[in-house]
*Asks:* 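Just dropping this structure here.
Hydrogens, waters and symmetry mates play no part in the numbers below; they use all other heavy atoms, side chains included.
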Amino acid sequence: MRMNQRVYGVVGIISIMSNWNADMTGNPKTLLTGEIFGSDKAFKYPIKRMWQLQGKKVLYIKSYKIGDDKIQPKDLNERYEELFGKLDENTPSKEVLKNLFSAIDVMNFGATFAEKKQNISITGAVQVGQGYNKYDETNIEVIDILSPFRNPSERSESAQATSMGKKVVTQEAHYFYPFSVNPNNYDEYLSLGIEGFEGYTVEAFEEFKRACLVAATAFNTNSKAGCENEFAMFLFCKPDSQLYLANLDGYIDFSKENAKSVIDISRLKDHLAGSMDKIDKIEVYYNKSKVKFISGGLECIEKSLY
């Protein structure tokens, strides 16, 4: 069923002695000002990985092959053919679009596809911003790691000993990602006669919403152990309303109180004061054992994250 509501929201992710999003040096991503942030790619990857493990079609995720007796990542054409079958210069664009929209990541986040004389760019119904750390007392820790193996390329006396490495983590950080969902982004494809395509669907949104609540917690790699979903807010506009909002993370304040995270959206109430008649509902999810939520009088449907 086609979705007819726009949605705005924020997802909060906590990182305890872990590295939610590293740069090329292995350090947490930072701006020139030193402010720590996480990219939208770091947000999307656990979601796509969760979808993949659930057996859903995910196109834009790394997969591998053996080439020249070496493991190497597949290119986009190879990944497409792995999921959908042969693609050549004679493949109709309608068929390619049908296949692309059948992938859950493309249905939500869109795609840039330029293979075999296809030049397709899909602006995703779901747009995700950068996630900024709102905890002022975040410290970066460098942990020395002793490898069980020596480094034969080392030319000093240490070549006879096991090598040393390091792991860089944030002692504690709280990332807040803004997002928007605009089903109308796919309206231009409705007139193309794509078989089975009805635009952005309620089912696709529900898959995105579920992933927003648990994907970071589920993605338990070495560097991500300690990263968990902490908070999520979904503001549903009334069907076909003309309310357009900027990123909502700027109206959220974060602090700590007796070891609990305090998430305060009081300033959002003032921001929305003249628009409440255009809003259907606001849902808020949080870990009630670790988070104190302050609505500031804004009417919200509060639910437990776990």
*Asks:* Hey, could you give me the NE2/CD1 distance between His174 and Ile263, rounded to the nearest 0.5 Å?
*Replies:*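 With rounding to 0.5 Å, NE2 (His174) is 8.0 Å from CD1 (Ile263).
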*Asks:* Got Met233 and Ile282 here, is their nearest side-chain heavy-atom distance under 4.5 Å?
*Replies:*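 Answer yes - side chains close enough.
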*Asks:* Give a yes or no on this: more than 12 heavy atoms of other residues, nucleotides or ligands lie within 6.0 Å of atom CD of Glu299.
*Replies:*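 Check fails, neighbour count at 12 or below.
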*Asks:* Is it the case that one hydrophobic cluster holds both Tyr244 and Leu235, taking links as side-chain heavy atoms less than 4.5 Å apart, direct or via other members?
*Replies:*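 Yes, Tyr244 and Leu235 fall within the same hydrophobic cluster.
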*Asks:* Nearest heavy-atom pair of Pro28 and Ile36: which atoms, and what distance?
*Replies:*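 In terms of heavy atoms, the two residues are closest at CB-CG2, 4.3 Å.
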*Asks:* Report yes if the side chains of Lys166 and Ile143 come closer than 4.5 Å at any heavy-atom pair, otherwise no.
*Replies:*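 Counting from C-beta outward, Lys166 and Ile143 never come under 4.5 Å.
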*Asks:* If you count heavy atoms of other groups shown closer than 6.0 angstrom to NZ of Lys269, is the number above 12?
*Replies:*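 Not more than 12 within 6.0 Å, no.
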*Asks:* Check Ser191 against Glu188 and note the closest heavy-atom contact, atom names and distance.
*Replies:*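 Looking at all heavy atoms of both residues, the shortest contact is OG-O, 3.6 Å.
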*Asks:* Mark yes or no for whether Asn21, through its side chain, and Ser39, through its backbone, hold a donor-acceptor pair below 3.5 Å.
*Replies:*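 Pair found, side chain donor or acceptor close to backbone of Ser39.
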*Asks:* For Cys227 and Ser18, which heavy atoms make the closest approach, and how far apart are they?
*Replies:*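 Minimum heavy-atom contact is SG-OG, 3.2 Å.
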*Asks:* Indicate yes or no: at least one non-hydrogen side-chain atom of Glu81 is less than 4.5 angstrom from one of Lys86.
*Replies:*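 Result yes, sub-4.5 Å side-chain heavy-atom pair found.
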*Asks:* Taking atom NZ of Lys116 and atom OG1 of Thr91, what is their separation to the nearest 0.5 Å?
*Replies:*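 Interatomic distance, Lys116 NZ to Thr91 OG1, rounded to 0.5 Å: 9.0 Å.
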*Asks:* Are the side chain of Asp264 and the backbone N or O of Ser266 linked by a donor-acceptor pair below 3.5 Å?
*Replies:*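 Indeed, once roles are kept as given, a pair shorter than 3.5 Å links the two residues.
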*Asks:* What are the two closest heavy atoms between Lys278 and Ser241, and how far apart are they?
*Replies:*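 Here Lys278 and Ser241 meet closest at O-OG, 3.7 Å.
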*Asks:* Taking only residues two or more places apart in sequence, or in another chain, which ones meet Lys134 in a salt bridge (Lys or Arg N to Asp or Glu O under 4.0 Å)?
*Replies:*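 Partners of Lys134 by the salt bridge (Lys or Arg N to Asp or Glu O under 4.0 Å) criterion come out as none, since no residue qualifies.
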*Asks:* Would you please test Gln118 and Ser93 for side chain to side chain donor-acceptor pair (under 3.5 Å) and show each step?
*Replies:* CA-CA 7 Å; Gln118 304 286 342; Ser93 291; 2.8 Å; yes
*Asks:* Would you give the length of the straight line joining atom CG of Asn182 to atom OG1 of Thr123, rounded to the nearest 0.5 angstrom?
*Replies:*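 So the gap between those two atoms works out to 10.5 Å.
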*Asks:* Would a single hydrophobic cluster contain both Val126 and Leu243, if residues Ile, Leu, Val, Met, Phe, Trp and Tyr are joined by side-chain heavy-atom contacts under 4.5 Å?
*Replies:*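 No, because Leu243 and Val126 fall into different hydrophobic clusters, even though each may have its own neighbours under 4.5 Å.
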*Asks:* Among pairs that include at least one residue of residues 48-64, which meet salt bridge (Lys or Arg N to Asp or Glu O under 4.0 Å), considering only residues two or more places apart or in two chains?
*Replies:*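 Non-adjacent pairs meeting salt bridge (Lys or Arg N to Asp or Glu O under 4.0 Å): Lys56-Glu207.
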*Asks:* Once side-chain hydrogen bond (donor to acceptor under 3.5 Å, both in side chains) is applied, what residue pairs with a partner in residues 26-35 remain, sequence neighbours excluded?
*Replies:*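 Passing the test, one end in residues 26-35: Thr25-Asn27.
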*Asks:* How does the hydrophobic cluster around Phe37 look, that is, which other residues are in it when side-chain heavy atoms under 4.5 Å mark a link?
*Replies:*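 Same cluster as Phe37: Leu31, Tyr132.
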*Asks:* For atom NZ of Lys290, decide whether the heavy atoms of other residues, nucleotides or ligands shown that lie under 6.0 angstrom number more than 12.
*Replies:*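 No, because the 6.0 Å sphere around NZ of Lys290 holds 12 heavy atoms or fewer from other groups.
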*Asks:* Under 4.5 Å between side-chain heavy atoms, hopping through other hydrophobics if needed: is there a path connecting Ile13 to Leu213?
*Replies:*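 As far as the 4.5 Å side-chain criterion goes, Leu213 and Ile13 are connected within one cluster.
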*Asks:* How would you list, by chain and number, every residue that makes a ring-ring contact (aromatic ring centres under 6.0 Å, His included) with Tyr8, sequence neighbours excluded?
*Replies:*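 None.
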*Asks:* Under a 4.5 Å cut-off applied to non-hydrogen side-chain atoms, are Val262 and Phe254 in contact?
*Replies:*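 Heavy-atom side-chain distance check fails, nothing below 4.5 Å.
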*Asks:* Taking only residues two or more places apart in sequence, or in another chain, which ones meet Glu78 in a salt bridge (Lys or Arg N to Asp or Glu O under 4.0 Å)?
*Replies:*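 If we apply the salt bridge (Lys or Arg N to Asp or Glu O under 4.0 Å) test to Glu78, skipping adjacent residues, the hits are Lys65.
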*Asks:* Give me each pair satisfying salt bridge (Lys or Arg N to Asp or Glu O under 4.0 Å) with a member in residues 239-257, each pair once, sequence neighbours excluded.
*Replies:*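 Those involving residues 239-257 are Glu172-Lys256, Asp253-Arg267, Glu257-Lys292.
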*Asks:* Rounded to the nearest 0.5 Å, what separation is found between the CZ atom of Arg6 and the SG atom of Cys237?
*Replies:*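 Reported to 0.5 Å precision, the distance equals 4.5 Å.
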*Asks:* Tell me the closest heavy-atom pair linking Leu248 and Pro178, and the distance in Å.
*Replies:*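 Nearest pair, atom of Leu248 first, then Pro178: N-CB, 4.4 Å.
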*Asks:* Above 12 or not: heavy atoms from other molecules or residues under 6.0 Å from NZ of Lys117?
*Replies:*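 Result for NZ/Lys117: open.
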*Asks:* Evaluate the side-chain proximity of Tyr177 to Phe179: yes if any heavy-atom separation is below 4.5 Å, no if none is.
*Replies:*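 They are not in side-chain contact.
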*Asks:* Any chance you could measure Gln52, atom CD, to Ile47, atom CD1, to the nearest 0.5 Å?
*Replies:*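 Rounded to the nearest 0.5 Å, the CD-CD1 separation comes to 14.0 Å.
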*Asks:* Under 3.5 Å, is there a donor-acceptor pair between the Thr138 and Asn133 side chains?
*Replies:*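 Note: Thr138 and Asn133 side chains meet the donor-acceptor criterion.
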*Asks:* Among side-chain atoms of Asp280 and Gln5, is any donor-acceptor pair under 3.5 angstrom?
*Replies:*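 A pair is found: one side chain offers a donor N or O, the other an acceptor, under 3.5 Å apart.
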*Asks:* Show your reasoning for whether side chain to side chain donor-acceptor pair (under 3.5 Å) applies to His271 and Tyr251.
*Replies:* CA-CA 8 Å; His271 178 62; Tyr251 301 95; 3.2 Å; yes
*Asks:* Just to verify, what does Lys238 make a salt bridge (Lys or Arg N to Asp or Glu O under 4.0 Å) with, not counting sequence neighbours?
*Replies:*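 Salt bridge (Lys or Arg N to Asp or Glu O under 4.0 Å) list for Lys238, sorted by chain: empty.
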*Asks:* If you count every heavy atom of other residues, nucleotides or ligands that lies below 6.0 Å from Asn139 atom CG, does the total exceed 12?
*Replies:*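 Yes, enclosed.
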*Asks:* Output yes when a side-chain donor or acceptor of Thr217 lies under 3.5 Å from a complementary backbone atom of Asn229, and no otherwise.
*Replies:*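 Judged by distance alone, yes, a pair lies under 3.5 Å.
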*Asks:* What salt bridge (Lys or Arg N to Asp or Glu O under 4.0 Å) pairs are there with at least one residue in residues 87-102, not counting sequence neighbours?
*Replies:*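 Matches after skipping sequence neighbours: Lys98-Glu195.
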*Asks:* Hey, do the aromatic rings of Phe43 and Tyr175 have their centres closer than 6.0 Å?
*Replies:*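 No.
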*Asks:* Hey, can you tell me if Tyr186 and Tyr189 have their rings parallel, tilted or perpendicular (30° and 60° cut-offs)?
*Replies:*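 Perpendicular: the ring planes of Tyr186 and Tyr189 meet at over 60°.
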*Asks:* Does Tyr80 have any ring-ring contact (aromatic ring centres under 6.0 Å, His included) partners at least two apart in sequence or in another chain, and if so, which?
*Replies:*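 So Tyr80 forms a ring-ring contact (aromatic ring centres under 6.0 Å, His included) with Phe84, Phe113.
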*Asks:* For residues 101-112, tabulate all N or O donor-acceptor pairs below 3.5 Å that involve a side-chain atom, not counting sequence neighbours.
*Replies:*
residue: Ser102; atom: OG; partner: Asn99; partner atom: O; Å: 2.6
residue: Asp105; atom: OD1; partner: Leu59; partner atom: N; Å: 3.0
residue: Asp105; atom: OD2; partner: Leu59; partner atom: N; Å: 3.3
residue: Asp105; atom: OD2; partner: Tyr60; partner atom: N; Å: 2.8
residue: Asn108; atom: OD1; partner: Tyr200; partner atom: OH; Å: 2.7
residue: Asn108; atom: ND2; partner: Ile104; partner atom: O; Å: 3.1
residue: Asn108; atom: ND2; partner: Ala204; partner atom: O; Å: 3.4

*Asks:* Roughly how far, to the nearest 0.5 Å, is the CG atom of Leu298 from the CE atom of Met276?
*Replies:*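 Rounded to the nearest 0.5 Å, the CE-CG separation comes to 5.0 Å.
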*Asks:* Which is it for Ser63 and Glu82 under the side chain to side chain contact (heavy atoms under 4.5 Å, CB included) test, yes or no, and what are the steps along the way?
*Replies:* CA-CA 10 Å; Ser63 59; Glu82 178 185 1; 3.6 Å; yes
*Asks:* Does the side chain of Trp20 come within less than 4.5 Å of Thr170's, by heavy atoms?
*Replies:*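 The answer is no, as the side chains (C-beta and beyond) never meet within the 4.5 Å cut-off.
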*Asks:* Do Glu302 and Tyr285 get their side chains close enough for a donor-acceptor pair, meaning under 3.5 Å?
*Replies:*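 No, no side-chain donor-acceptor pair sits under 3.5 Å.
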*Asks:* Does Ile61 share a hydrophobic cluster with Leu100, counting links as ILVMFWY side-chain heavy atoms below 4.5 Å and allowing steps through other members?
*Replies:*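 Looking at the clustering, Leu100 is in the same group as Ile61.
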*Asks:* Treat each ILVMFWY residue as a node, draw an edge where side-chain heavy atoms are under 4.5 Å apart, and state whether Ile294 and Tyr286 are in one component.
*Replies:*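 No; tracing contacts between hydrophobic side chains, which count when under 4.5 Å, never links both residues.
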*Asks:* Contact between Glu141 and Val168 at the side-chain level, heavy atoms closer than 4.5 Å - yes or no?
*Replies:*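 No - every pair of side-chain heavy atoms lies 4.5 Å or more apart.
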*Asks:* Would you call Ile252 and Phe231 a side-chain contact if the rule is heavy atoms closer than 4.5 Å?
*Replies:*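 A side-chain contact under 4.5 Å exists here.
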*Asks:* So, using salt bridge (Lys or Arg N to Asp or Glu O under 4.0 Å) as the criterion, who are the partners of Asp187 when residues are at least two apart?
*Replies:*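 With sequence neighbours excluded, Asp187 shows a salt bridge (Lys or Arg N to Asp or Glu O under 4.0 Å) to Arg2, given in chain and number order.
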*Asks:* Do Asp75 and Arg79 meet the salt-bridge criterion of a basic N to acidic O distance under 4.0 Å?
*Replies:*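 The answer is no: the pair does not qualify as a salt bridge.
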